[in-house]
**Student:** 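Before I ask anything, here is the structure I am working with.
Numbered from 1 within each chain, the chains take letters A, B, ... in sequence-line order.
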2 protein chains.
Amino acid sequence: MASEAKEARRAGARRRGQADRRAAILAAAARRFAEFGFEATTVRQIADDVQILSGSLYHHFATKEEMLDDIVRDAVLDQHARALRIASADCEAEVRFVTLIAEELSALAERIEAYAIIFNERKFFRRSAEFAYLIKARKDAFEAWRSVLDDGVREGAFHAGIDSYLTISTIMRMLNSGADWYRHEDGSPLDAMANYSLEALTAFYAGFVLRSVRAAGRTDAPIPGALPRR
Amino acid sequence: MASEAKEARRAGARRRGQADRRAAILAAAARRFAEFGFEATTVRQIADDVQILSGSLYHHFATKEEMLDDIVRDAVLDQHARALRIASADCEAEVRFVTLIAEELSALAERIEAYAIIFNERKFFRRSAEFAYLIKARKDAFEAWRSVLDDGVREGAFHAGIDSYLTISTIMRMLNSGADWYRHEDGSPLDAMANYSLEALTAFYAGFVLRSVRAAGRTDAPIPGALPRR
DNA sequence: GTCTATAAGTAGATAGAC
DNA sequence: GTCTATCTACTTATAGAC
């Protein structure tokens, strides 16, 4: 076997090992940040969790904030892309609206720690110039949701007197504050909410929201299903 | 003038002065805690705000946590008493429900800083034995809200299939997360939400919630007014 | 009641040996 | 890549002078 191939394989393994270590550290950090908060978590605690000394963390990360950024970045950017994609789908506003709710809850369930952190540390993010991208992405996603609601009013599906700013703020806060359903891997729920299945929660929220925003007369129409995920 | 009277007056002034100082410190602390969080605020910052040295704060308070307790205690206990009083009022469940929402929003507006702190530091409170009373009071208030919703279902005003746990969780989170509307005294809103009047917000939330929980057919009935405040 | 001065502990982060 | 050792800064809280 050519020595270049050997060398390449070794380098690959090295990269994988390094990436695994980094991922393990991020997992420990995410868990701590989600449960106790970013500022209340010390780098020593994270290091202890992965059985390493605190100084050694700085071989993988330049600062504690870099860990935070790694944990939340993809979640926020995916959320942004998802909202824009769904908002511009070619179908009735009500279907798009249900899809926004369903996919948001699904993402929240999949990355509950990242979402808990994004929600709980929002004051920190707002103050930090490094995280301006996060605030911007979430604001754009907000506008995408809002445009779907406005489309629905124009189509006559949602009632005309609606305040779209207040309504979307309320709905997004409602969904996002659910990130407190954070559940430990050991199974202990931090909130009784963790006992509900994703399907049950989606049906509940889609119903709760649609009954509120629908035009008079349409209130008892069946709740449409979400668009298929792509 | 009898010297006892003079002495009493002087003692009163002393108490007032001391109480004023204490109140000024608490006001500064509340503002910082609400905007930046309890753990992110240092006693030095609070001391700077009232132009005193950090060590001198400890003449007025034993610990930083005692300040926090002083700020949130009355707000939580009042919230608890209010919920129980309204829940046991002698009238239709829907009227009690609207009253719960109206008075909750009113209290939130009056003590926005305390409410912001209670909401944002909930993980801290949950971990601290000293604040067990707070968790208990809020849990009892939750059950009072829930009993009103259940009464409404029994009366036929609210729809039968409702999950009262999920519904009340959602509504209370929705209202409480609004504590983020925190506005500075200098008038700068931290959130555009601060531009709405209390009356507008109450009408919005009462409508949003009632449309969701009402029984089929009752959806377009007028929203009842809240009970008079006593 | 506020000051000066400081204790005792912990934070995030770094340098260099192995 | 992790360890040992440590730096600098900052934390809450205290002691005693004024």
Side-chain angles (χ1 to χ4, degrees), chain A residues 7 10-30 32-33 35-71 117 121 124-125 127-131, chain B residues 7 9-30 32-33 35-71 117 121 124 127-131:
Chain A
E7 181 49 42
R10 227 183 267 128
R14 212 181 304 125
R15 265 197 303 280
R16 244 192 325 284
Q18 193 165 347
D20 286 355
R21 202 85 187 100
R22 199 183 154 94
I25 294 166
L26 283 178
R32 291 263 180 196
F33 293 167
E35 188 169 358
F36 304 105
F38 174 69
E39 289 167 314
T41 299
T42 71
V43 293
R44 281 175 172 83
Q45 291 168 331
I46 298 167
D48 286 352
D49 288 346
V50 296
Q51 285 166 313
I52 208 177
L53 286 197
S54 66
S56 305
L57 288 180
Y58 289 87
H59 176 76
H60 301 275
F61 301 94
T63 65
K64 187 182 161 191
E65 282 198 18
E66 191 185 306
M67 294 186 211
L68 179 60
D69 189 72
D70 256 45
I71 292 165
I117 295 163
E121 310 299 331
F124 178 83
F125 292 133
R127 283 198 304 276
S128 164
E130 255 204 273
F131 288 100
Chain B
E7 181 49 41
R9 222 164 10 124
R10 226 182 269 127
R14 213 181 303 125
R15 266 197 303 277
R16 246 192 323 285
Q18 192 165 346
D20 285 357
R21 204 83 186 98
R22 199 182 154 94
I25 295 167
L26 283 177
R32 291 263 178 197
F33 293 167
E35 188 168 358
F36 304 106
F38 174 70
E39 290 167 314
T41 299
T42 71
V43 293
R44 268 175 240 271
Q45 289 168 331
I46 298 168
D48 285 351
D49 289 345
V50 296
Q51 286 167 311
I52 210 177
L53 287 196
S54 64
S56 305
L57 287 180
Y58 290 86
H59 176 76
H60 301 275
F61 301 93
T63 65
K64 188 181 160 190
E65 281 198 19
E66 191 185 307
M67 294 186 211
L68 179 61
D69 189 71
D70 256 43
I71 292 165
I117 294 163
E121 309 300 330
F124 178 83
R127 282 198 304 276
S128 164
E130 256 203 90
F131 287 101

**Student:** Under a 4.5 Å cut-off applied to non-hydrogen side-chain atoms, are A:Phe33 and A:Ile46 in contact?
**Tutor:** yes
**Student:** How many Å lie between CZ on B:Arg32 and C1' on D:dT12, as a whole number?
**Tutor:** 17 Å
**Student:** Is there a side chain to side chain contact (heavy atoms under 4.5 Å, CB included) between B:Phe61 and B:Asp69 once you walk through the steps?
**Tutor:** CA-CA 11 Å; B:Phe61 301 93; B:Asp69 189 71; over 6 Å; no
**Student:** For the residue pair B:Phe124 and B:Phe38, does the interplanar ring angle fall in the parallel (under 30°), tilted (30 to 60°) or perpendicular (over 60°) class?
**Tutor:** tilted
**Student:** Can you measure B:Ile25 atom CD1 to D:dT12 atom P for me and round it to whole angstrom units?
**Tutor:** 15 Å
**Student:** Let me know, please, whether A:His60 or A:Ser54 comes out on the 5' side of the other along DNA chain D by nearest nucleotide.
**Tutor:** A:His60
**Student:** Backbone N or O of A:Thr41 within a donor-acceptor pair of the A:Gln45 side chain at under 3.5 Å?
**Tutor:** no
**Student:** Please determine whether any donor N or O and acceptor N or O are separated by less than 3.5 Å between the side chain of A:Arg44 and the base of C:dT10.
**Tutor:** no
**Student:** For the side chain of A:Thr42, starting at C-beta, report the closest nucleotide among D:dT11, D:dT2, C:dA11.
**Tutor:** C:dA11
**Student:** Using whole Å, what does the distance between atom C1' of nucleotide C:dG9 and atom NZ of B:Lys64 come to?
**Tutor:** 15 Å
**Student:** Evaluate the side-chain proximity of A:Glu39 to B:Glu39: yes if any heavy-atom separation is below 4.5 Å, no if none is.
**Tutor:** no
**Student:** Would you say D:dT2 has OP1 or OP2 under 4.0 Å from some side-chain N or O of A:His59?
**Tutor:** no
**Student:** How is A:Leu53 classified with respect to the nucleic acid when contacts are heavy atoms under 4.0 Å: base, sugar-phosphate, or nothing?
**Tutor:** base
**Student:** Does a side-chain N or O from A:Tyr58 land closer than 4.0 Å to OP1 or OP2 of C:dA13, or not?
**Tutor:** yes
**Student:** Atom CG of B:Asp48 and atom C1' of D:dT12: how far apart are they, to the nearest Å?
**Tutor:** 15 Å
**Student:** Atom CD1 of B:Ile46 to atom P of D:dA13: distance rounded to whole Å?
**Tutor:** 11 Å
**Student:** Could you tell me the separation between the CG atom of A:Leu57 and the P atom of D:dT2, rounded to a whole number of Å?
**Tutor:** 9 Å
**Student:** For the side chain of B:Ser56, starting at C-beta, report the closest nucleotide among C:dC3, D:dA13, D:dC3.
**Tutor:** C:dC3
**Student:** Figure out the CD/P separation between B:Gln51 and C:dC3, and round it to whole Å.
**Tutor:** 10 Å
**Student:** Take the protein atom CZ of B:Arg22 and the nucleotide atom P of C:dG1, then report the distance between them rounded to whole Å.
**Tutor:** 12 Å
**Student:** Would you kindly compare A:Ala62 and A:Gln45 by the position of their nearest DNA chain C nucleotide and give the one closer to the 5′ end?
**Tutor:** A:Gln45
